[in-house]
Asker: 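Structure provided below as structure tokens; questions to follow.
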Amino acid sequence: MKILNIGSLNLDYVYNVDHVIQPGETEATGGRNVFLGGKGINQSMALAKAGADVYHGGLIGEDGQPFLDACREYGVKADYIRKIEEPTGHTIIQVDKNAQNCILLYGGANQMLTEDYIDEVLANFEKGDILLLQNEVNMLPYIVDKAYEMGMQIALNPSPFNEKLDMVDMKKISIFLLNEVEGGQITGLVDPDEVLEKMREMFPHAKIVLTLGKDGAKYAEGEEVYYQPIFKVQAVDTTAAGDTFTGYFLAGLIEGMPVPEILKMSARASSIAVTREGAVPSIPYREEVMEALKEA
Ligand code: RIB
């Protein structure tokens, strides 16, 4: 079984601020860093660092070479990443003194996927392989339909949640990995337990992983439901915490680990990620996560 992630690659321009800037306000920043990020590549890096064999598909500009270098360094298979004339996607991220962030996203090359490109990449995969998607690239409805026709298992992290997802046939999704806000947007509900219940009703054949921020995470599949609390740490930057959880969760699932163990490993991995700055560089390797679990 192979795993393919078709997803975004962003250069993250990260500014440390006292508080997230308000309309009309000017605030001097404490510092600026440029990190590799993008929900897509963050999740591929997390999969690879967790030990999975992952192929990444997506588009970058000439300025995106550091992503190819990082894929080589961390073991993500970059065969399907293509360079185009459009600049690489980028973000402007403010991280406040409480480690919370807000993100302004410029899609760039991430929004230039074409049917030909998707067909070319998917032709290398087959029934039973896993396709992971987020909502930072264009063509999602086409990718989902095509992969479903091929019999691939589709895992969707519907993030960031916006109206573009209305065109995606969610009944074709096998695994949802989402937070309570995204779950609320899909179900129209607020209470996390009700969100999970409604998701189970709407997608009775899907595996559902609902992350709840400081309240942990829940998993449901049919009658099976599990809960995982967070590991408390001093956070400095929460960027990519969810991506780390997603990558680790899928890696554990592919290995056939019991779900409670997968949840624990994923929660520990993301608790380490939030203690470090940046997206890709904050994601821990599996050995570190397992060591930390022994100590806990
Ligand atoms: O999930 C975190 C990511 O969201 C950042 O790396 C940023 O690029 C945005 O896409």
Side-chain angles (χ1 to χ4, degrees), residues 1 3-8 39-40 42-44 46-47 50 52 54 128-137 139-148 151-213 215-228 240-254 257-260 262-263 265-267 269-270:
M1 182 209 295
I3 175 155
L4 166 68
N5 181 5
I6 299 183
S8 58
K39 293 184 195 306
N42 294 344
Q43 293 177 19
S44 284
L47 271 151
V54 56
D129 288 342
I130 295 182
L131 173 68
L132 171 61
L133 299 167
Q134 312 75 27
N135 189 28
E136 286 190 342
V137 296
M139 304 286 298
L140 273 197
Y142 181 80
I143 304 172
V144 167
D145 290 348
K146 184 95 196 187
Y148 185 80
M152 291 181 82
Q153 305 177 64
I154 306 170
L156 176 68
N157 169 225
S159 183
F161 196 94
N162 59 35
E163 69 295 340
K164 288 188 184 165
L165 288 166
D166 293 348
M167 304 299 288
V168 172
D169 185 351
M170 299 270 181
K171 300 269 183 239
K172 296 179 175 170
I173 306 302
S174 308
I175 311 169
F176 288 93
L177 303 116
L178 72 180
N179 64 29
E180 78 269 43
V181 177
E182 292 143 7
Q185 280 157 321
I186 290 181
T187 59
L189 299 167
V190 176
D191 178 76
D193 288 331
E194 288 177 16
V195 167
L196 191 60
E197 204 41 53
K198 185 73 182 172
M199 290 277 304
R200 289 167 77 189
E201 203 182 299
M202 291 167 75
F203 310 107
H205 305 296
K207 296 174 174 36
I208 300 159
V209 183
L210 186 67
T211 56
L212 308 167
D215 293 325
K218 286 192 170 175
Y219 171 89
E221 181 184 11
E223 293 310 302
E224 252 180 285
V225 180
Y226 298 105
Y227 170 68
Q228 173 65 48
D243 299 330
T244 303
F245 195 103
T246 293
Y248 266 80
F249 188 90
L250 283 179
L253 208 61
I254 293 163
M257 285 170 66
V259 172
I262 306 178
L263 286 171
M265 172 175 79
S266 310
S270 54

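For the single chain, residues carry numbers from 1 onward in sequence order. Because the structure is predicted, anything quoted here is derived from the model rather than measured.
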Asker: With sequence neighbours left out, write down each residue that passes salt bridge (charged side-chain N to carboxylate O under 4.0 Å, His left out) with Lys146, or none if nothing qualifies.
Answerer: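 If we apply the salt bridge (charged side-chain N to carboxylate O under 4.0 Å, His left out) test to Lys146, skipping adjacent residues, the hits are Asp119.
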Asker: Between Glu136 (side chain) and Lys39 (backbone), is there a donor-acceptor pair under 3.5 Å?
Answerer: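 Checking the backbone N and O of Lys39 against the side chain of Glu136, a donor-acceptor pair under 3.5 Å is found.
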Asker: Would you say Met257 and Met265 make side-chain contact, with heavy atoms under 4.5 Å?
Answerer: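 With C-beta onward as the side chain, the pair touches.
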Asker: Does one side chain, of Glu221 or Tyr219, offer a donor that lies under 3.5 Å from an acceptor on the other?
Answerer: yes
Asker: Using the rule given for side-chain contact (heavy atoms from CB on, under 4.5 Å), can you reason through Ile208 versus Leu178, listing the C-alpha separation, both sets of side-chain angles and the distance that settles it, and then say yes or no?
Answerer: CA-CA 8 Å; Ile208 300 159; Leu178 72 180; 4.2 Å; yes
Asker: Taking all non-hydrogen atoms of both residues, which atom of Ile3 and which atom of Leu250 are closest, and how far apart?
Answerer: CD1-CD1, 4.3 Å
Asker: Minimum heavy-atom separation for Phe245 and Val209, please, with both atom names.
Answerer: CE2-CG1, 3.7 Å
Asker: Looking at Tyr142, I want to see if its OH is surrounded by more than 12 non-hydrogen atoms of other residues, nucleotides or ligands under 6.0 Å.
Answerer: yes
Asker: Considering all heavy atoms of both residues, which atom of Ile186 and which atom of Pro158 are nearest to each other, and what is their separation?
Answerer: CD1-CG, 4.2 Å
Asker: Under a 3.5 Å cutoff, is there a donor and acceptor pairing between the side chains of Asn5 and Gln134?
Answerer: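 Short answer, yes.
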Asker: Around atom NZ of Lys172, are there more than 12 heavy atoms from other residues, nucleotides or ligands closer than 6.0 Å?
Answerer: yes
Asker: Suppose the criterion is ring pair (Phe, Tyr, Trp, His ring centres under 6.0 Å): which pairs have a residue in residues 168-203, not counting sequence neighbours?
Answerer: Phe176-Phe203
Asker: Measuring only between side-chain heavy atoms, which start at C-beta, is Val168 closer than 4.5 Å to Pro141?
Answerer: yes
Asker: Could you grab the distance from atom CD1 of Ile175 to atom CG of Leu133, nearest 0.5 Å is fine?
Answerer: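 It is 11.0 Å, given to the nearest 0.5 Å.
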